[in-house]
Amino acid sequence: MTSSEPKTPYYITTAITYPNGVPHIGHAYEYIATDAMARFKRLDGYDVMFLTGTDEHGMKIAQTAAKEGITPKELVDRNTAAYKSAHQVLEISYDRFIRTTDADHYEASQAVWKKMEEAGDIYLGKYEGWYSVRDEAYYAEDETELREDGKRYSIQTDTELTWTEEESYFFRLSQYQDKLLKLYEEQPTFGAPRSRFNEVISFVKSGLEDLSISRTTFDWGVPVPGNDKHVMYVWVDALTNYLTGVGYPDTEAESFKKYWPADVHVIGKDISRFHAVYWPAFLMSAGLELPKRVMIHGFLNNNGVKMSKSLGNVVAPADWVAQYGLDQVRFFLLREVPFGADGSYSHDAVVGRMNADLANNLGNLAQRSLSMVAKNCEGKVPQPGTLAPEDHELLARAERLLEKSRAAYEVQDFHGSLEAIWTVLGDSNAYFAEQAPWVLRKTDVERMNTVLYVTLEVLRIVSILVQPVMPTSAGKLLDVLGQHDDGARDFAAIGTALVPGTSLPAPTPIFPKYEEPAAG
RNA sequence: GGGGCGGUAGCUCAGUCGGUUAGAGCAAACGACUCAUAAUCGUUCGGUCGUGGGUUCAAGCCCCACCCGCCCUACCA
């Protein structure tokens with residue numbers, strides 16, 4: 001590969017978070033997974049654009065702000081800071097943190113609206129439903145109950161409801177059923193995992209109604225072009241952030257031409273419909289290309305129990321990072337739970353991964369081999385002799401990890417990549433024990449050198465491949481292997497073996513073991 | 001109600017087209033080793049594959065029924 005060759009662009013997004021609370025481990029999970037994906041692609045030579053941010057409009061923000069006696073903007077300024085801080089703590093390598101209150105986002109949202117309007121897909125109609133004056137909110141039929149006084153109430157907020165009709169703009173979603181089904185058929189990996197995607201498909205097959213896309217009951221939002229009485233209602237505004245982030249409405253902008261359509265939107269299972277149904281329909285209407293993939297991840301629960309404020313089992317990302325360490329948290333989340341499935345976390349599970357996988361299998365392998373090199377090879381990469389079949393075999397397994405990881409990351413299977421890597425680490429520990437270089441030291445120094453060299457090679461390859469998940473720790477491992485950040489850490493360098501004679505720094509343990517605080 | 005997914009070792013899960021003694025990791029027990037973060041390696045222990053029928057030479061896998069758990073069934077980020 002020559003340096004003049006342009007890199008392939010790769011555009012990835014997280015969902016934008018509604019900053020009506022504080023970040024929890026579920027948010028962290030999505031950020032970390034997306035970050036790992038972005039880092040992987042960068043290391044693999046792609047020109048990556050990674051977008052994340054906050055969705056700051058809507059009724060709930062307006063209500064919360066009113067309750068606290070501050071303006072919506074003051075509220076979101078305050079709350080968004082907490083999310084930005086979480087990104088910082090988790091070392092999320094985003095290229096832009098978008099806020100839907102950013103000026104360019106207003107412009108983009110209104111431009112998309114106009115495109116859909118020009119396409120004849122937006123019309124003015126009436127939205128009707130059970131409305132709570134006090135909550136300023138509509139409730140679906142099943143969120144309400146008819147009580148003995150003959151009046152209907154919101155079950156959730158216990159407020160009286162009235163049947164209300166409100167002027168609203170609608171999007172002709174009903175016109176897109178066939179087009180969407182065609183999309184799903186032609187692009188079977190548009191949504192993933194398959195089980196979630198099937199739910200989306202069956203939803204579309206069951207028939208689509210037009211979608212109410214504006215409100216007049218509150219004004220905290222993007223004004224509808226040409227009718228200031230209305231603000232856009234959630235999804236038109238929120239989803240458009242993915243376009244704003246790369247320069248829309250300037251479709252001739254370099255970044256837009258380069259990055260759109262997005263390669264993957266990473267989202268939670270609660271918003272799969274909006275991303276896999278409404279979003280492609282909006283884009284078709286606006287005459288824009290569709291994202292290539294919507295990756296739907298599951299939710300995390302605490303030891304089998306759903307996270308909830310009232311149970312007090314909600315984990316703040318910063319607390320975990322302080323307790324276990326950032327890379328340990330990142331590794332745990334991506335190794336423990338197959339991405340796409342729901343997962344469970346517990347202190348014991350984190351400690352298990354942290355100690356068994358990181359400190360013992362990886363950290364100790366590095367420490368024992370590097371210590372021998374320091375003591376017996378003058379602290380330099382040893383010169384290997386002729387490779388034996390078992391050396392070739394182990395190295396071949398390590399080398400295959402690049403292709404395995406590429407295939408896994410292509411479908412956001414972080415768990416699968418890490419599992420394959422740790423299988424090779426298991427092989428390496430067995431190899432090290434079988435070869436017993438500490439015995440060879442006394443009987444066959446050349447063979448000892450070979451075994452240590454092969455082990456270091458495996459560690460080098462593994463370290464390069466775990467960088468997306470554990471950037472700092474993998475960097476430290478590469479430091480002690482004498483691999484500097486001058487290209488030697490890119491995936492392209494995996495085929496470039498260690499140079500015998502290279503001086504190595506004194507090894508120090510990189511993955512500490514978790515010790516339970518003394519009782520009492 | 002309708003649709004879908006799952007129930008396999010103490011725990012978390014894998015089991016390709018039905019085909020020999022159902023696998024892995026963790027946990028547990030024992031042994032080995034001493035280079036290493038009391039790490040590592042090996043061996044062993046451990047399952048009537050949710051229940052009951054059926055098809056088949058052969059069923060964890062296919063069919064039927066039932067039990068249990070979870071998810072989807074539009075305006076909530």
Side-chain angles (χ1 to χ4, degrees), chain A residues 15-21 27 54-61 100 127 129 137-143 156 168 170-171 173 193-196 198-215 233-235 237-239 267-274 277-278 298-299 304 335-338 341-344 346 348-349 352-353 355-376 415 419 422-423 425-426 428-441 448 451-452 455 507-515:
Chain A
I16 48 174
T17 312
Y18 202 66
N20 200 22
H27 297 110
T54 44
D55 174 20
E56 308 190 342
H57 294 305
M59 192 173 54
K60 280 187 184 171
I61 291 289
T100 55
Y127 182 76
Y138 282 89
Y139 292 94
E141 190 81 26
D142 62 1
E143 292 175 318
Q156 202 185 349
S168 169
F170 282 82
F171 174 75
L173 186 65
R194 193 67 217 183
S195 54
R196 289 284 161 202
N198 284 343
E199 288 176 358
V200 168
I201 294 169
S202 68
F203 169 77
V204 173
K205 280 186 176 161
S206 73
L208 296 174
E209 294 170 15
D210 289 347
L211 193 67
S212 168
I213 52 169
S214 77
R215 284 291 185 276
Y233 191 52
V234 292
W235 290 107
D237 163 22
L239 291 162
I267 62 160
K269 65 181 186 181
D270 53 333
I271 52 176
S272 58
R273 175 181 311 149
F274 307 106
V277 181
Y278 302 171
F299 284 170
R335 173 66 184 83
E336 184 78 1
V337 184
D342 287 346
S344 183
S346 66
D348 289 349
R353 290 293 176 195
N355 290 354
D357 289 358
L358 295 180
N360 298 349
N361 294 343
L362 174 56
N364 184 57
L365 179 66
Q367 189 62 20
R368 67 197 303 207
S369 54
L370 286 163
S371 294
M372 285 204 71
V373 168
K375 289 173 190 166
N376 304 295
H415 164 269
E419 190 174 46
W422 255 258
T423 298
L425 285 172
S428 305
N429 270 311
Y431 165 87
F432 203 82
E434 278 164 26
Q435 300 300 320
W438 56 93
V439 174
L440 294 169
R441 182 184 58 191
M448 174 195 78
V451 170
L452 291 176
T455 304
T508 50
I510 289 161
F511 296 101
K513 188 164 286 191
Y514 185 86
E515 305 288 358

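We name chains A, B, ... by the order of the sequence lines, and we start the count at 1 in each one.
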Item to complete: Report which part of the nucleic acid A:Ala359 touches: base, sugar-phosphate, or nothing (heavy-atom distance under 4.0 Å, all strands).
Response: base

Item to complete: Answer with base, sugar-phosphate or nothing: what part of the nucleic acid does A:Ile213 contact at a heavy-atom distance below 4.0 Å?
Response: nothing

Discussion item. Within the 4.0 Å limit for protein heavy atoms, which parts of nucleotides 29-36 of chain B are touched? Write it as a string from 5' to 3', B for base, S for sugar-phosphate only, - for none.
Written reply: ----SSBB

Discussion item. Rounded to the nearest 0.5 Å, what separates atom CZ in A:Arg368 from atom CE in A:Met372?
Written reply: 9.5 Å

Discussion item. By the 4.0 Å heavy-atom rule, please label A:Asp210 as base, sugar-phosphate, or nothing.
Written reply: base

Worksheet item: Out of B:C75, B:U37, B:C41, which nucleotide sits closest to the side chain of A:Tyr233?
Response: B:C75

In residues 359-366 of chain A, what donor-acceptor pairs under 3.5 Å come from side-chain atoms, sequence neighbours left out?
unit_1, atom_1, unit_2, atom_2, d
A:Asn360, OD1, A:Lys513, NZ, 3.1
A:Asn360, ND2, A:Asn355, O, 3.4
A:Asn361, ND2, A:Ala356, O, 3.3

Give the table of side-chain donor-acceptor pairs shorter than 3.5 Å for residues 430-441 of chain A, with sequence neighbours excluded, one pair per line with atom names and distance.
unit_1, atom_1, unit_2, atom_2, d
A:Tyr431, OH, A:Asp391, OD1, 2.7
A:Gln435, OE1, A:Arg447, NH2, 3.0

Fill in: Nearest-0.5 Å distance, OG1 of residue A:Thr54 to CG of residue A:Asn20
12.0 Å

Worksheet item: Just how far is it from atom CD1 of A:Ile201 to atom CZ of A:Arg194, taken to the nearest 0.5 Å?
Response: 4.5 Å

Discussion item. What's the closest nucleotide to the side chain of A:Arg196 if the choices are B:C75, B:C72, B:U40?
Written reply: B:C72

Response to the item:
d(A:Tyr127 OH, A:Ser168 OG) to nearest 0.5 Å is 8.0 Å

Response to the item:
Contacts of A:Lys60 meeting side-chain hydrogen bond (donor to acceptor under 3.5 Å, both in side chains) (sequence neighbours excluded), chain-then-number -> none

Fill in: Contact under 4.0 Å: A:Asn361 side-chain N or O vs B:U40 OP1/OP2
yes

Discussion item. Using a 4.0 Å heavy-atom cut-off, does A:Asn198 contact any base of the nucleic acid, only the sugar-phosphate backbone, or nothing at all?
Written reply: nothing

Practice prompt. Please name all residues satisfying side-chain hydrogen bond (donor to acceptor under 3.5 Å, both in side chains) with A:Tyr514, sequence neighbours left out, ordered by chain then number.
Written response: A:Gln323

Worksheet item: Choosing from B:U40, B:G42, B:A77, which nucleotide comes nearest the side chain of A:Asp55?
Response: B:A77

Practice prompt. Quick one: label A:Gly207 by what it contacts on the DNA or RNA (base, sugar-phosphate, nothing), any heavy atom closer than 4.0 Å.
Written response: base

Worksheet, complete the sentence: Here the distance between atom P of B:A77 and atom NZ of A:Lys269, to the nearest Å, is 19 Å

Worksheet item: Can you tell which of B:A74, B:C41, B:U37 lies closest to the side chain of A:Leu173?
Response: B:A74

Worksheet item: Base, sugar-phosphate, or nothing for A:Leu208, non-hydrogen atoms under 4.0 angstrom?
Response: base

Practice prompt. Scan A:Trp422 against the nucleic acid and name what it touches under 4.0 Å (heavy atoms): base, sugar-phosphate only, or nothing.
Written response: nothing

Worksheet item: Once Watson-Crick and G-U wobble pairs under 3.5 Å are found, how is RNA chain B written in dot-bracket notation, 5' to 3', with | for any base paired to another strand?
Response: (((((((..((((.....[...)))).(((((.......))))).....(((((..]....))))))))))))....

Discussion item. Quick check for you: among B:A39, B:U37, B:A74, whose closest atom lies nearest to any side-chain atom of A:Glu209?
Written reply: B:A74

Practice prompt. Could you tell me which non-hydrogen atom of A:Glu336 sits nearest to which non-hydrogen atom of A:Ala349, and how far apart they are?
Written response: OE2-CB, 4.0 Å

Practice prompt. Using the C1' atom as the reference point in each nucleotide, state the distance between B:A58 and B:G18 in Å, no decimals.
Written response: 8 Å

Item to complete: Check A:Pro19 against A:Ile61 and note the closest heavy-atom contact, atom names and distance.
Response: O-CD1, 3.8 Å

